[in-house]
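What follows is a set of notes on a single structure, which appears directly below.
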Amino acid sequence: MAKLHLITYGCQMNEYDSERVAGLLREHAYELTADESEADVILLNTCAIREKAEEKVFSKLGELRRLKTARPDVVVGVMGCMAVLQNATVFRRAPQVDLVFGSAAIARVPELVARAREGRRHLLETAEAPLVKITARPPGVRPLKAFVTVMEGCEKHCTFCVVPRTRGRERSHPPAAILAEVRGLVADGCREVTLLGQTVNAYGRDLTPPTDLAELLARVSEVPGLARIRFTTSNPYNLTPRLVRAMADVPKVCEYFHLPLQSGSNAVLARMNRGYTRERYLELVAALRDAVPAMAFSTDLIVGFPGETEDDFAATLEMVERVGYDNVFSFRYSRRPGTPAASMPDQVPDAVKAERHARLLAVVQRVTAARSARLAGRTVEVLIDGASRKDPGALSGRTRCNRVVNVDGGGRAGVGDVVDVQVTEVLPHSLRGVLVPTPEEAVCSSR
Ligand code: SAH
Ligand code: F3S
């Protein structure tokens, strides 16, 4: 068997795509290796969302140059968002690369790799292509939790973002294909799925007949054996009352909502072309908390968007406090080629971005710690997913609100079980707890 070394950068969708690539190449007699020095094919699945993500890839490609000089027959390929955004520039900056292709060409990866191995140099395949659902997975992988891409692309055109360019138009997979994939995963032991899309709550409007995420959640929920459903990423602009209702009505859907805010300032939101105001966002949070009082929120925030004033930034800090997020992913604005924001006036100096980012992190830490503290003493539902990293005698899992919990005395529970745990200690990055006895056990121990 030939050997494939796969390096994945960036988001969950890339992780998902990498698994498809490994699965497809497996069907052509490639097995995965963790050791790049013994690989026949090395593929980098890349991210282009911020400049730093691209720099990481170019620096890795620099490292691989030595390997390629020593073994010229090794095929080095660059796939994913950076492949599309940088295109032939990848060959100019890294001539040792043999193959560059976008996610639309994944279905053809065996053929592309074969051509590159036959000696075709600088093969470029970055055009859009019809959507296909690829369900190939690497063998031996029986995940307890899995990602399932339900739609590709994005048509929102936020002025800072390259995704509409790198991942193309919005295209949904038909519900039947998604359900078949979920059933297959569950048959292999999977208990939790995360439905993926760049704007996952716009799902289904391009299908005939049209459908929506609320309907899809209800149907996925009917798959026997599946315990939990998550989905990401939602856009506030597409958040419908039907989805709010589904959060309450579909029991397998977890009380966790990732709702990117990006900025708390209406002026900045308008320049970002996000399509909502801070008031609208707060209304949505209130509606979701009304429907599901335990709802945990996470968000994405950008600091230092062009023209962001101290007052704009203060409005972002204030929103963090008001919403009371469980988790925040914050980024310094990165100027991306071809995006409208890159040529906006009043770009914010790096030092100001860094200083604001540090202040934001301090507020986030305080707010998320306060949310954690509320969990002390509570009983939470935990999906056990393995041994605790720090204490191999203990089990570890996640709550429905996505917190890591280490469970002492887990003798009666095993991987894949959904158990009730009483939280005994709230630590900065995790919780500790003890198993809550089932009713029968409680009777026994009270005798
Ligand atoms: N589809 C998602 C976002 C995908 S990109 C959505 O609807 O929000 C993930 C996150 O990266 C974004 O939410 C944004 O916070 C951040 N991001 C995107 N472009 C960026 C840029 N140019 N600079 C800094 N952060 C950026
Ligand atoms: Fe990017 Fe905005 Fe789409 S952040 S992925 S253009 S919703």
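The chain is numbered in sequence order, starting from 1. We count ligands from 1, going down the list as the structure has it; atoms in each ligand are counted the same way.
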Mark the output for R274 as yes if a heavy-atom distance to ligand 1 is under 4.0 Å, and as no if none is. yes
Atoms of ligand 2 under 4.0 Å from any heavy atom of V163, numbered from 1 in the order shown, are 5 (S)
Hey, is P164 touching ligand 2 through its side chain, its backbone, both or neither, going by heavy atoms under 4.0 Å? side chain
I49: numbered ligand 1 atoms lying under 4.0 Å from its heavy atoms: 5 (S), 11 (O), 17 (N), 18 (C), 19 (N), 20 (C), 21 (C), 22 (N)
What atoms in ligand 1 come closer than 4.0 Å to a heavy atom of P260? 8 (O)
Taking atom CD as the centre, does E111 end up with more than 12 heavy-atom neighbours from other residues, nucleotides or ligands that are less than 6.0 angstrom away? yes
Quick one: look up the protein heavy atom nearest atom 19 (N) of ligand 1 and list residue, atom name and how far away it is. F160 CD1, 3.2 Å
As an exercise, identify every atom of ligand 2 less than 4.0 angstrom from a heavy atom of F160. 4 (S)
In the protein, what heavy atom is nearest to atom 23 (N) of ligand 1, and what distance, to one decimal place, separates them? S334 N, 2.9 Å
Atom 1 (N) of ligand 1 sits nearest the protein heavy atom Q198 O, 2.5 Å
Counting from 1 in the order shown, the ligand 1 atoms closer than 4.0 Å to a non-hydrogen atom of R50 are 11 (O), 16 (C), 17 (N), 23 (N), 24 (C), 25 (N), 26 (C)
When you compare ligand 1 with T233, is there at least one nitrogen or oxygen pair between them that comes in under 3.5 angstrom? no
Contact between ligand 1 and R332 is defined here as a heavy atom of the residue under 4.0 Å from a ligand atom; is it met? yes
Lys/Arg-Asp/Glu bridge criterion (N-O < 4.0 Å) met for R332, D350: no
Atom indices of ligand 2 within 4.0 angstrom of Q198 heavy atoms, with elements: 5 (S)
Are R20 and Y16 in a cation-pi contact, defined as NZ or CZ under 6.0 Å from the six-membered ring centre and within 45° of the axis? yes
Please list the nearest protein heavy atom to atom 3 (Fe) of ligand 2 with its residue and the distance rounded to 0.1 Å. C154 SG, 2.3 Å
Is the contact between N235 and ligand 2 made by the side chain, the backbone, both, or neither, using heavy atoms and a 4.0 Å cut-off? side chain
Assess whether a salt bridge exists between R356 and E310, defined as any Lys/Arg side-chain N lying under 4.0 Å from an Asp/Glu carboxylate O. yes
Side chain to side chain contact (heavy atoms under 4.5 Å, CB included) for I7 and N45? Distances and angles first, verdict last. CA-CA 6 Å; I7 309 172; N45 192 359; over 6 Å; no
Establish, yes or no, whether a centroid distance under 6.0 Å links the rings of Y333 and F305. yes
Give the C-alpha distance, both sets of side-chain angles, the deciding distance and a yes or no for side chain to side chain contact (heavy atoms under 4.5 Å, CB included) between Q262 and I302. CA-CA 5 Å; Q262 313 298 1; I302 294 179; 3.6 Å; yes
Closest to atom 14 (C) of ligand 1 among protein heavy atoms sits Q262 OE1, 3.4 Å
Classify the ring geometry between H122 and F91 as parallel (under 30°), tilted (30 to 60°) or perpendicular (over 60°). parallel
With a distance cut-off below 6.0 Å to the six-membered ring centre and an angular limit of 45° from the axis, does R50 pair with F331 as a cation-pi contact? yes
List ligand 1 atoms under 4.0 Å from D300, heavy atoms only on the residue side. 9 (C), 10 (C), 12 (C), 13 (O), 15 (O)
To the nearest 0.1 Å, how far is atom 1 (Fe) of ligand 2 from its closest protein heavy atom, and which atom is that? C161 SG, 2.3 Å
Does some non-hydrogen atom of R167 fall short of 4.0 Å from ligand 2? no
Quick one: do R280 and E283 make a salt bridge, cutoff under 4.0 Å? yes
Of Y256, F147, F257, the residue whose pairing with F231 passes ring-ring contact (aromatic ring centres under 6.0 Å, His included): F257
Under a 4.0 angstrom heavy-atom cut-off, which atoms of ligand 1 come close to R336? 22 (N)
Are the side chains of L216 and I178 in contact, using a 4.5 Å heavy-atom criterion? yes
Less than 4.0 Å is my threshold; does some heavy atom of V163 fall inside it relative to ligand 1? no
Metal site atom 1 (Fe) of ligand 2: N/O/S of C158 inside 2.8 Å: no
For T199, state whether at least one heavy atom is located under 4.0 Å from any atom of ligand 1. no
Residues S396 and S388: side-chain donor-acceptor under 3.5 angstrom: no
F329-H258 aromatic ring centre distance below 6.0 Å: yes
